[in-house]
Structure formats: C-alpha cells, structure tokens
*Asks:* 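Supplied in structure tokens, the structure appears directly below.
We use all heavy atoms of the structure for the numbers below, so side chains are in, but hydrogens, waters and symmetry mates are not.
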Amino acid sequence: MGLTACLLGLLALIVAGKCSYSPEPDQQRTLPPGWASLGRADPEEELILTFALRQQNLERLSKLVQAVSDPRSPRYGKYLTLEDVAELVRPSPLTLRTVQKWLLAAGAWNCHSVTTQDFLTCWMSVRQAELLLSGAEFHRYVGGPTKTHVVRSPRPYQLPKALAPHVDFVGGLHRFPPTSSLRQRPEPQVAGTIGLHLGVTPSVIRERYNLTAQDVGSGTTNNSQACAQFLEQYFHDSDLAEFMRLFGGNFAHQESVARVVGQQGRGRAGIEASLDVQYLMSAGANISTWVYSSPGRHESQEPFLQWLLLLSNESALPPVHTVSYGDDEDSLSSTYIQRVNTEFMKAAARGLTLLFASGDSGAGCWSTSGRHQFRPSFPASSPYVTTVGGTSFQNPFRVTSEIVDYISGGGFSNVFPRPSYQEEAVTQFLSSSPHLPPSSYFNASGRAYPDVAALSDGYWVVSNHVPIPWVSGTSASTPVFGGLLSLINEHRILSGHPPLGFLNPRLYQQRGAGLFDVTRGCHESCLNEEVQGQGFCSGPGWDPVTGWGTPNFPALLKTLINP
C-alpha cells in the first residue's frame with residue numbers, strides 16, 4: 001500500500017509539471033561582459049545543482065536576531081548555536097519528503113544536505129536537468145580574467161506548481177561568477193611634496209587608526225577571522241611571507257593562513273586574493289585566519305552560494321568574515337535576494353559579524369526607459385550585514401584626515417526597507433544634507449549603506465612575488481575594518497564577553513562613537529546633465545558614502561569592549 005501511495009505521489013508531481021511556475025522570473029540572464037558561449041553542453045555531462053528549500057519560522061528568527069544584537073535587550077550576546085538555528089528554520093517534513101521524491105524520480109544522485117537541511121545539492125546529467133527544470137537549456141561559457149569555464153542556462157527554468165510551497169529557487173542555472181572591480185590607479189602627482197609615505201601599507205594604517213605595537217592578537221584565545229573569495233583567484237603563502245617581511249616588521253603577526261576552506265589552485269596569485277589575506281592579517285595582526293577560496297567550485301555551481309552552504313554546515317566558525325563580493329541588486333531575482341538575506345539572518349543569530357565591501361561604483365547608475373537612477377549593490381544593501389565604504393587621504397602622501405574616495409559604493413536599497421536601527425540616522429541625513437540628488441534617483445525609504453568606512457585608495461600588495469603599488473577599492477577597506485573588529489573581539493573574549501556579532505544595532509545606537517567622521521567629498525554617479533556625475537556627499541554624522549566614518553582604534557575599542 002505504501003509503495004502505491006509513493007508512486008501515486010510521484011505521478012501527481014510529474015502531472016503537476018504540466019502546470020508549472022517560474023521561481024526567478026526577474027533574474028537577469030544576459031551574458032556579462034567578457035563572457036562567450038561555447039555552445040550547448042553535452043547531454044551526458046554531469047551537473048551539480050543546489051535546491052534552496054523553503055524554511056520555517058523566519059519571523060521568529062528575525063525577532064531573535066534583534067534580541068541577541070541589541071545591547072538594550074536582556075538576550076544581547078546570547079547567540080544561537082548552528083543546531084539551534086537548524087531547529088528553528090528546518091523545512092517541514094512535507095517539504096523534505098516532497099522534494100526528495102521529486103529528485104529521486106528524476107534520477108538525481110549523490111544528494112547532500114546541510115546541518116540546517118534547507119539546501120540540497122544533487123548531481124544529475126544535463127539531459128536529466130533539462131527534463132526536470134522545464135525550459136532550461138544548458139550551455140558552456142568561458143570568461144573572466146582567468147578564462148573560467150562554467151555551465152549555465154540562458155533560458156528561464158520552471159518547476160511543477162506542486163513544488164511552489166517547497167522550493168525557493170535552484171542554484172547553478174543563471175548567475176555567473178563575479179569579477180573584481182579592484183583597480184590600480186596612477187600614482188598621484190603633487191608638486192613639491194616631500195612624501196611621508198608612498199602609498200598605504202600596514203604601518204600607515206596603524207598610524208592613521210592609532211594602533212600601537214601592542215594592538216595585536218594575544219595568541220592565547222581561540223579567536224579567529226576569515227575572508228571569502230569567489231573569483232577564480234588564489235593567494236600564495238610565499239607572497240604573504242614577502243609582504244610581512246617588507247611591511248610587517250613593527251608588529252607581531254602570523255606568517256601563514258591557519259586554514260583554507262575550498263580549493264587553493266596552483267595558478268598565478270590574484271591581486272584581490274592577495275590583498276584580502278594580507279590586509280586582514282596585518283590589521284587583525286597575530287589572529288588565526290581562515291580563507292574561503294572559491295569553495296568546492298564545480299563548473300555548474302555558484303561560488304557565493306557554496307560559501308553560504310558552508311556557513312550552514314559548520315558549527316564552529318570564525319566570528320568575523322570579510323567579503324569583497326557584490327552584484328547589482330537589479331541583476332538578481334527577488335527570490336534569490338530574499339533567501340540570501342535570510343542566510344545572513346541565520347549568521348547574525350549565531351553571532352557572526354559579516355562585513356561586505358560597499359562596491360566601487362559610487363552611487364552606481366542605470367537607465368530604464370530613458371530615465372536615470374542610481375544602482376544599489378547587493379549584498380551591500382542587506383540589512384543584516386555591516387557594509388564598508390572607502391576613503392582617501394586628504395593629501396595622498398601624508399597621514400592626514402580622510403575624505404571620500406569617489407568610488408566608495410553607497411546609497412539606498414530598492415529591495416529592503418529601512419531597518420529600524422538606522423531610522424534616526426538616515427532621517428537626520430535626508431533632512432539636513434545640503435546636496436541631495438533628485439528624489440527620483442533613489443529610494444529614500446530603503447536600507448541605506450554603507451555603515452562604516454576605511455581607507456580604500458593607494459594600497460601596496462605583494463602578488464606573484466612582486467610588490468604592486470596604488471591598488472584601490474573597497475576590497476581593501478573591508479578586510480582592514482574586519483581585522484580591527486577581530487582585535488576588539490580578542491579583548492572581549494579575554495574579558496569573558498561574547499564576540500561582537502551583528503554590529504549594526506549597536507553601531508547606530510552609539511552614533512559613530514569611536515569613529516573618525518568623514519565630512520568632505522562626494523562619490524560618483526550618473527554622467528548626465530541632471531546630476532553631472534555626482535551621487536551623495538558626506539557630511540557630519542552618518543551618510544550614504546562613508547557611513548559613520550573610519551576607525552579610531554583606541555576609542556572604538558573603548559566603546560565596544562564592554563557588554
């Protein structure tokens with residue numbers, strides 16, 4: 001009887017396939033610049049697809065995040081374990097049963113779940129995937145600086161209507177790996193200046209942000225930090241050693257990465273990967289460091305999604321993660337964005353601090369039906385991450401006060417409403433800024449970012465044994481801010497306090513305490529007559545260019561060390 005019921009259930013799903021729905025109708029499927037099609041994939045080629053299963057109790061999760069992240073709450077700092085989170089969000093037994101039956105009937109094999117059971121990763125052939133995901137048509141593509149090969153579908157996929165309550169989306173069909181926006185700028189020319197420094201190095205950062213030689217990890221705690229990379233790029237231990245030899249002589253530091261999660265290729269080192277590791281490990285000096293490196297990438301997988309799966313499957317993680325990845329909000333499906341945002345909520349509930357680069361296009365710009373608008377970036381626009389903008393020295397050769405780096409990403413989300421923790425700060429900015437762009441360019445009621453900033457201009461990086469000057473981007477400011485938060489976590493752990501966790505509620509309550517306010521400069525935007533390339537401008541207090549400002553380490557430590 002049980003077998004008959006099973007077969008009838010599967011038959012119902014297959015019949016329901018005639019009546020299907022599109023989970024991601026608004027996902028951009030145009031080929032990114034620099035990518036080319038190599039034609040249809042072989043029908044027998046093997047794919048790995050990731051199925052995001054519908055979670056439960058998201059309202060409760062949201063309330064818990066608020067409680068553990070708000071210093072005014074009695075639950076502040078009482079974070080959930082991964083097992084607690086799993087208990088809360090785990091899909092219903094019906095969802096698990098329905099999706100597993102459907103995949104089994106389609107011939108999927110080697111399916112793996114995660115601790116939270118809300119993702120399922122399965123192998124199948126291209127032929128099986130095209131039958132399973134009606135409308136999909138898999139092609140091979142090559143592109144990016146390292147000529148990466150991927151398999152993607154240029155056409156939208158559909159799922160049986162019966163799965164609508166059970167599956168959020170399927171990963172591995174549309175989104176291409178990101179490319180780096182890091183740039184090497186020409187050396188600034190300032191006539192008649194005897195330079196005090198020739199670019200940003202760890203000692204320049206330590207001088208500007210007031211760190212002493214004693215501001216390093218103690219080596220006695222289980223504190224750690226991590227950076228995640230999704231480009232087909234690698235760092236080399238030999239570059240890290242050379243970087244520390246050149247620039248790390250005046251502070252205690254670790255010589256190598258403690259743990260690499262994912263695949264470290266043996267190819268040439270990438271500047272972005274080298275930068276992330278070198279500045280996280282020199283700002284968060286002498287603290288054990290993990291690197292997530294294009295984790296577990298297969299040609300049909302999305303590297304960023306793979307990183308999220310790893311977070312859902314590892315119970316002991318570094319408290320601070322810095323990530324230099326971003327996409328235009330409008331290029332991603334709303335289903336995908338909302339689900340990724342839930343993954344950040346899960347991380348926040350566990351007390352993880354996720355720092356994302358704000359992007360390197362200022363306010364951004366896009367044109368729809370001939371009308372210009374600013375273009376927000378995601379995950380920078382997620383209300384559950386701390387977003388880091390960028391600054392430059394007022395005098396490029398001196399350790400001076402900071403001004404806006406014109407590339408610093410910032411603005412207002414078109415997807416997420418303004419979270420309550422930033423209500424007062426953003427209202428104040430909107431009502432007092434003398435240089436607001438026309439209101440048609442941005443969604444004033446959206447989540448506003450960045451939250452903080454750090455230097456993003458003129459860094460020295462060692463890559464493939466060569467010291468490279470004037471590297472710029474918020475990919476630089478993000479690991480620097482992350483490293484300083486790791487040093488603060490070190491003090492908190494030694495004092496018997498939990499790590500900082502999701503920082504934003506506390507950051508906004510403290511109204512920029514412990515940060516240098518950046519009040520000069522504007523970032524770039526649309527090059528049209530109306531705004532003439534100018535986005536938002538910084539000013540006193542919080543602004544959508546540099547957030548609350550850049551770290552003054554001793555003052556920031558003082559405001560964040562106590563419970």
Side-chain angles (χ1 to χ4, degrees), residues 24 26-35 174-183 304 323-338 340-341 356-383 385 387-390 404-418 426 429-430 433 435-451 453 456 472-475 477-478 521-538 543-547:
E24 301 187 81
D26 49 349
Q27 173 64 45
Q28 187 176 295
R29 291 184 305 279
T30 50
L31 206 54
W35 287 84
H174 301 316
R175 286 166 286 275
F176 280 75
T179 53
S180 173
S181 58
L182 261 191
R183 52 189 96 175
F304 180 64
V323 189
S324 304
Y325 153 81
D327 264 317
D328 297 322
E329 252 188 9
D330 58 272
S331 73
L332 302 166
S333 75
S334 51
T335 309
Y336 173 86
I337 280 188
Q338 293 293 351
V340 170
N341 193 52
F356 276 84
S358 70
D360 298 336
S361 309
C365 185
W366 64 315
S367 177
T368 46
S369 324
R371 195 169 70 91
H372 286 90
Q373 276 181 304
F374 295 158
R375 193 172 203 177
S377 173
F378 179 82
S381 65
S382 164
V385 305
T387 305
V388 186
V404 168
D405 184 349
Y406 67 92
I407 55 103
S408 179
F412 294 77
S413 174
N414 289 321
V415 175
F416 301 106
R418 184 190 306 159
V426 178
F429 169 79
L430 292 171
S433 174
H435 305 290
L436 273 186
S439 59
S440 60
Y441 277 71
F442 65 100
N443 170 29
S445 63
R447 144 68 159 150
Y449 70 94
D451 304 298
S456 57
S472 300
T474 53
S475 298
S477 53
T478 308
C522 310
H523 62 185
E524 61 187 358
S525 76
C526 302
L527 284 168
N528 64 353
E529 226 170 278
E530 199 170 13
V531 295
Q532 298 181 0
Q534 184 173 291
F536 297 99
C537 296
S538 65
D543 56 69
V545 193
T546 58

*Asks:* Are Q338 and F416 side-chain neighbours, meaning at least one heavy-atom pair lies under 4.5 Å?
*Replies:* yes
*Asks:* Under 4.5 Å between any side-chain heavy atoms of L436 and F429, yes or no?
*Replies:* yes
*Asks:* Does V415 offer a backbone N or O that forms a donor-acceptor pair with the side chain of S413 under 3.5 Å?
*Replies:* yes
*Asks:* I need the N414 CG to Q373 CD distance, nearest 0.5 Å.
*Replies:* 6.5 Å
*Asks:* Look up atom SG in C365 and atom CG in N528, then write down how far apart they are to the nearest 0.5 Å.
*Replies:* 6.5 Å
*Asks:* Contact between V388 and D451 at the side-chain level, heavy atoms closer than 4.5 Å - yes or no?
*Replies:* no
*Asks:* Between S333 and E24, is there a side-chain donor-acceptor contact under 3.5 Å, judged purely by atom types and distance?
*Replies:* yes
*Asks:* Rounded to the nearest 0.5 Å, how far apart are CG of D405 and OG1 of T474?
*Replies:* 8.5 Å
*Asks:* For the residue pair F442 and F374, does the interplanar ring angle fall in the parallel (under 30°), tilted (30 to 60°) or perpendicular (over 60°) class?
*Replies:* parallel
*Asks:* Sort and list the pairs that fulfil salt bridge (charged side-chain N to carboxylate O under 4.0 Å, His left out) and have at least one residue in residues 325-334, not counting sequence neighbours.
*Replies:* D328-R375, D330-R375
*Asks:* Any non-hydrogen side-chain atom of F356 less than 4.5 Å from a side-chain atom of S382?
*Replies:* no
*Asks:* We want to know whether D543 and S538 form a side-chain donor-acceptor pair, criterion being a heavy-atom distance below 3.5 angstrom.
*Replies:* no
*Asks:* Under 3.5 Å, is there a donor-acceptor pair between the side chain of S477 and the main chain of G389?
*Replies:* yes
*Asks:* Please report the shortest heavy-atom distance between R447 and A380, naming the atom on each side.
*Replies:* NH2-O, 4.0 Å
*Asks:* Report yes or no: do Q27 and R175 form a side-chain donor-acceptor pair below 3.5 Å?
*Replies:* yes
*Asks:* Which value, rounded to the nearest 0.5 Å, describes the distance between C526 atom SG and Y441 atom OH?
*Replies:* 5.5 Å
*Asks:* Decide yes or no for T30 and H174: does some side-chain heavy atom of the first lie under 4.5 Å from some side-chain heavy atom of the second?
*Replies:* no
*Asks:* What's the shortest heavy-atom distance between P438 and E530, and which atoms?
*Replies:* CG-OE2, 3.9 Å
*Asks:* Ignoring hydrogens, what is the shortest heavy-atom contact between P437 and G535? Give both atom names and the distance.
*Replies:* CG-O, 3.4 Å
*Asks:* Determine the minimum heavy-atom distance between S324 and A357, stating which atoms define it.
*Replies:* CA-CB, 4.0 Å
*Asks:* Heavy atoms, side chains only, cut-off 4.5 Å: are Y449 and F412 in contact?
*Replies:* no
*Asks:* Should S358 and S408 count as side-chain neighbours, where that means a heavy-atom distance under 4.5 Å?
*Replies:* yes
*Asks:* Compare every heavy atom of T368 with every heavy atom of W366, then report the nearest pair and how far apart it is.
*Replies:* CZ3-CG2, 3.5 Å
*Asks:* With rounding to the nearest 0.5 Å, note down the distance linking CG in L527 to CD in Q534.
*Replies:* 11.5 Å
*Asks:* Would you check if the side chain of H435 reaches a backbone N or O of F536 as a donor-acceptor pair within less than 3.5 Å?
*Replies:* no
*Asks:* When you compare the side chain of I407 with that of S361, does any pair of heavy atoms fall below 4.5 Å?
*Replies:* no
*Asks:* Donor-acceptor check, side chain of S525 to backbone of G364, threshold 3.5 angstrom: yes or no?
*Replies:* no
